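Just so you know, these numbers come straight off a predicted model, no measurement behind them.
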Amino acid sequence: MAKDPVRVLVTGAAGQIGYALVPMIARGVMLGPDQPVILHMLDIPPAAESLNGVKMELVDAAFPLLKGVVATTDVVEACTGVNIAVMVGGFPRKEGMERKDVMSKNVSIYKSQASALEKHAAANCKVLVVANPANTNALILKEFAPSIPEKNISCLTRLDHNRALGQISERLNVQVSDVKNVIIWGNHSSTQYPDVNHATVRTPAGEKAVRELVADDAWLNGEFITTVQQRGAAIIKARKLSSALSAASAACDHIRDWVLGTPEGTWVSMGVYSDGSYNVPAGLIYSFPVYCQNGEWKIVQGLSIDEFSRKKLDLTAEELSEEKALAYSCLS
């Protein structure tokens, strides 16, 4: 029996990430090869013409799963009836701008989008925030959409998770699909902590610990961490544009695992509302290792945290607490 279409909202849909993301959704990369979708695309009025061009291309691509496209600059129309919202639109930091300036711009954007989702999205809508500062934008959205359960609001750290998997697979010259259970802790920023202490690699002799196979703690505790932390900046330097294809792919991975579940014994990284696990202050949106089943995520519990890791977890939590205070000061 044919499934009912799922309505997926992409904000900032005429931008680089949006342009890479919407065909992936329409092709079934996000929700599976048998799930029809109706795409809702939102952008700001100056991008209306470009947005219409994206809509024309979606029509021209003749995606069998795509059952409709709403392309609009009206936030209420964009949010009406959506089951999944991928918040890519935001105000980017420009040269010479203070963090507070960027924060106040994003607070006003996320405030209006949150209230539109609150009033018009489908019940149990799942929200993924991609636009930076992603963790704090997600927190603002949660603040202004109180009827959306906190478990339904998340931010994207899957891109960092995938970058960590990629670095390990290159270092060990193994397939990336054979590496699992790296963790991104904390903020989607340069304070995030990519942690391989619980990660494994599938080998012909069974699963082996990444630390044992790499056998180079100096690299794992140094260059590996900074490479993952600063990968976004390295891509901007190389492309003269920020990561788009990899961010779009990671957004699909994030939603797919959340909706369809993670494989047994595998966890992924998601920025979710902290309940105090691992002594992370409650009330922050913080990246944890999670597993997903039946459309719900749960934080992986009971992992040992060594002293080196503890410092890293606390440092990124401190930055998130500062960001939260800054964002809330923009509200007053």
Exercise for review: List the steps, then state whether side-chain contact (heavy atoms from CB on, under 4.5 Å) holds for Ser321 with Leu284.
Suggested key: CA-CA 7 Å; Ser321 296; Leu284 296 176; 3.8 Å; yes
Practice item. Kindly indicate, with the supporting measurements, whether the criterion side-chain contact (heavy atoms from CB on, under 4.5 Å) is fulfilled by Cys79 and His40. Key: CA-CA 8 Å; Cys79 292; His40 288 227; over 6 Å; no
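Between Ser243 and Leu159, the closest heavy-atom pair is CB-CD2, 4.4 Å. Considering all non-hydrogen atoms of both residues, Ser169 and Val176 come closest at CB-CA, 3.7 Å. The two residues Val290 and Met270 make their nearest non-hydrogen contact at CG2-SD, 3.5 Å. Nearest heavy-atom pair across Asp43 and Leu51 is N-CD2, 4.0 Å.
With no hydrogens or angles considered, no side-chain donor-acceptor pair links Gln192 and Thr316 at under 3.5 Å. With 3.5 Å as the limit, one finds a donor-acceptor pair spanning the side chains of Ser277 and Gln301. Counted by atom type alone, Thr227 and Gln167 present zero donor-acceptor pairs between their side chains at under 3.5 Å. Side-chain contact annotation: Glu323 with Asn187, donor-acceptor N/O pair under 3.5 Å present.
For the side chain to side chain donor-acceptor pair (under 3.5 Å) with Ser154, the lone residue among Lys142, His254, Lys126 that qualifies is His254. Of the residues listed (Leu9, Ile38, Val6), the one engaging Asn83 in a side-chain contact (heavy atoms from CB on, under 4.5 Å) is Val6, and it is the only one.
The pair Asp195-Lys312 does not meet the salt-bridge criterion, since no charged nitrogen lies less than 4.0 angstrom from a carboxylate oxygen. Ion pairing between a basic and an acidic side chain is recognised when a charged N comes within 4.0 Å of a carboxylate O; Arg310 and Asp314 show such pairing.
If you take CG on Asn106 and CG on Asp101, they are separated by 11.5 Å, rounding to the nearest 0.5 Å.
Residue pairs meeting the side chain to side chain donor-acceptor pair (under 3.5 Å) criterion with at least one partner in residues 208-222, sequence neighbours excluded, are Arg171-Asp216, Asn197-Arg211, Arg211-Asp217, Arg211-Asn221. For residues 9-38, no residue pair satisfies the ring pair (Phe, Tyr, Trp, His ring centres under 6.0 Å) rule, not counting sequence neighbours.
For the pair Thr200 and Val210, the minimum side-chain heavy-atom distance is 4.5 Å or more.
Geometrically, Lys324 engages Tyr328 in a cation-pi contact, judged by NZ or CZ lying under 6.0 Å from the ring centre and within 45° of the ring axis.
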